[in-house]
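Shown next, in structure tokens, is the structure this report addresses.
A note on names: the letters A, B, ... follow the listed sequences, proteins ahead of strands, and every chain is numbered from 1.
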Amino acid sequence: MKRAIDFGLPLLAIAGIVVGEIMGLWIAPAERHMGDVYRIIYVHVPAAWVALLSFLIAAAASFTFLFKTSWAADALAEAAGELGVLFGTVAYILGAIWGKGTWGVWWTPDPKLTAMAILVFGFAGYIALRNLTEEPERRAAWSAVVAIILAAGIPIVWFAVRWWGGLHQNQSTRDSMNAFMGATLGINVLAFTLLFVWFLRMRYRVAKAKIDEELSEPPEQELA
Amino acid sequence: MDGTIVGGWGYVIASYAIAWSLLGLYGLSVWRRSRLPPTDK
């Protein structure tokens, strides 16, 4: 089963991305007002969705660590935190390019953009914090608290437009989007989620191997 | 913010190139690291 997932997951993710990107770049029609530049949506939105999912997993795993002292949960939090920063950065850069094309500015202090920036930079700090100490218990506990506090930003990013408005548009719905464009976006979201799970499994293995090695090391001998 | 849409395909190609370069390099890096023996410090 594990072997089937190891081979099947990357294949499914890559196939989904190839199909999704072909649909997004060549088959989907141009948008009425934005023209072709809107095609950035097919990477920007899936990357942003995966980033938020990743931060949520990091927070849930951190919570699990604090209550059960599960080292697997600590490794999962480390992996998810790093992937959240990766996908969040991709979403942010693409959003800036799209913003320049449609709004005329790379960035503006819009509530959603500001909240997402705080979340991504916050989790970049979380990664830095994890590298500050090599003592596993202290590292896991400190970073778990930080991840849980940062997770408060997830609903703020999600509902920012509904709560405060701003330049960024609200999430598209079936009623606000052409059916083929919606299906193309759905396929890309699914493919990015599979890509994320594949990356997460690999990154988790790296984190878990490192923690296992640290925990198996004999305590340092005191010098006489 | 004068209502003019600029960019078009140039912006789209730049966006996709940046996104897939970052994700591809990260994927390659984490795939390589996940195959290293755990004792490699």
Side-chain angles (χ1 to χ4, degrees), chain A residues 6 10 13-14 17 21 24-25 30-31 33-44 46-47 50 79 82-83 85-87 89-91 93-105 108 167 192 195-196 198-214 216, chain B:
Chain A
D6 280 345
I14 291 169
I17 282 161
E21 303 296 49
L25 286 173
E31 206 269 344
H33 301 291
M34 287 185 276
D36 286 308
V37 77
Y38 98 96
R39 294 178 197 278
I40 293 172
I41 197 175
Y42 298 120
V43 178
H44 170 73
V50 165
E82 186 175 294
L83 283 168
V85 173
L86 171 75
F87 282 98
T89 303
V90 168
I93 294 172
L94 268 59
I97 296 172
W98 195 3
K100 182 65 182 167
T102 54
W103 301 338
V105 288
T108 178
L167 207 48
F192 264 72
L195 181 77
F196 162 69
W198 174 28
F199 281 6
L200 186 67
R201 277 167 59 85
M202 290 192 292
R203 186 61 184 82
Y204 166 79
R205 264 180 231 151
V206 175
K208 187 69 171 56
K210 185 184 162 208
I211 291 167
D212 286 345
E213 192 190 355
E214 285 170 343
S216 67
Chain B
M1 293 184 220
D2 58 358
T4 310
I5 305 293
V6 297
W9 279 107
Y11 279 38
V12 177
I13 291 165
S15 296
Y16 277 63
I18 291 168
W20 290 115
S21 303
L22 280 173
L23 294 174
L25 283 173
Y26 181 85
L28 199 61
S29 151
V30 79
W31 175 77
R32 184 78 190 91
R33 278 190 291 162
S34 71
R35 279 160 187 276
L36 286 175
T39 49
D40 189 21
K41 274 196 148 183

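B:Val12 has its side chain out of reach of A:Tyr38: every pair of non-hydrogen atoms, C-beta onward, lies at least 4.5 Å apart. A 4.5 Å side-chain heavy-atom check between B:Tyr16 and A:Leu25 finds at least one atom pair inside the cut-off.
Listed options A:His44, A:Glu21, A:Arg201 were ranked by heavy-atom pairs under 4.5 angstrom with chain B; first place goes to A:Glu21. Put simply, of A:Val90, A:Ile93, A:Leu86, the one with the most heavy-atom pairs under 4.5 Å next to chain B is A:Leu86. For the set B:Gly8, B:Ser29, B:Gly27, B:Ser15, the count of heavy-atom pairs under 4.5 angstrom toward chain A peaks at B:Ser15.
By the 30° and 60° cut-offs, the orientation of the rings of A:Phe87 relative to A:Phe192 is perpendicular.
Contacts of A:Val206 with chain B are made by side-chain atoms alone, with heavy-atom separations under 4.5 Å and no backbone atom involved.
The CZ atom of A:Arg205 sits 13.0 Å away from the NZ atom of A:Lys208 when rounded to the nearest 0.5 Å.
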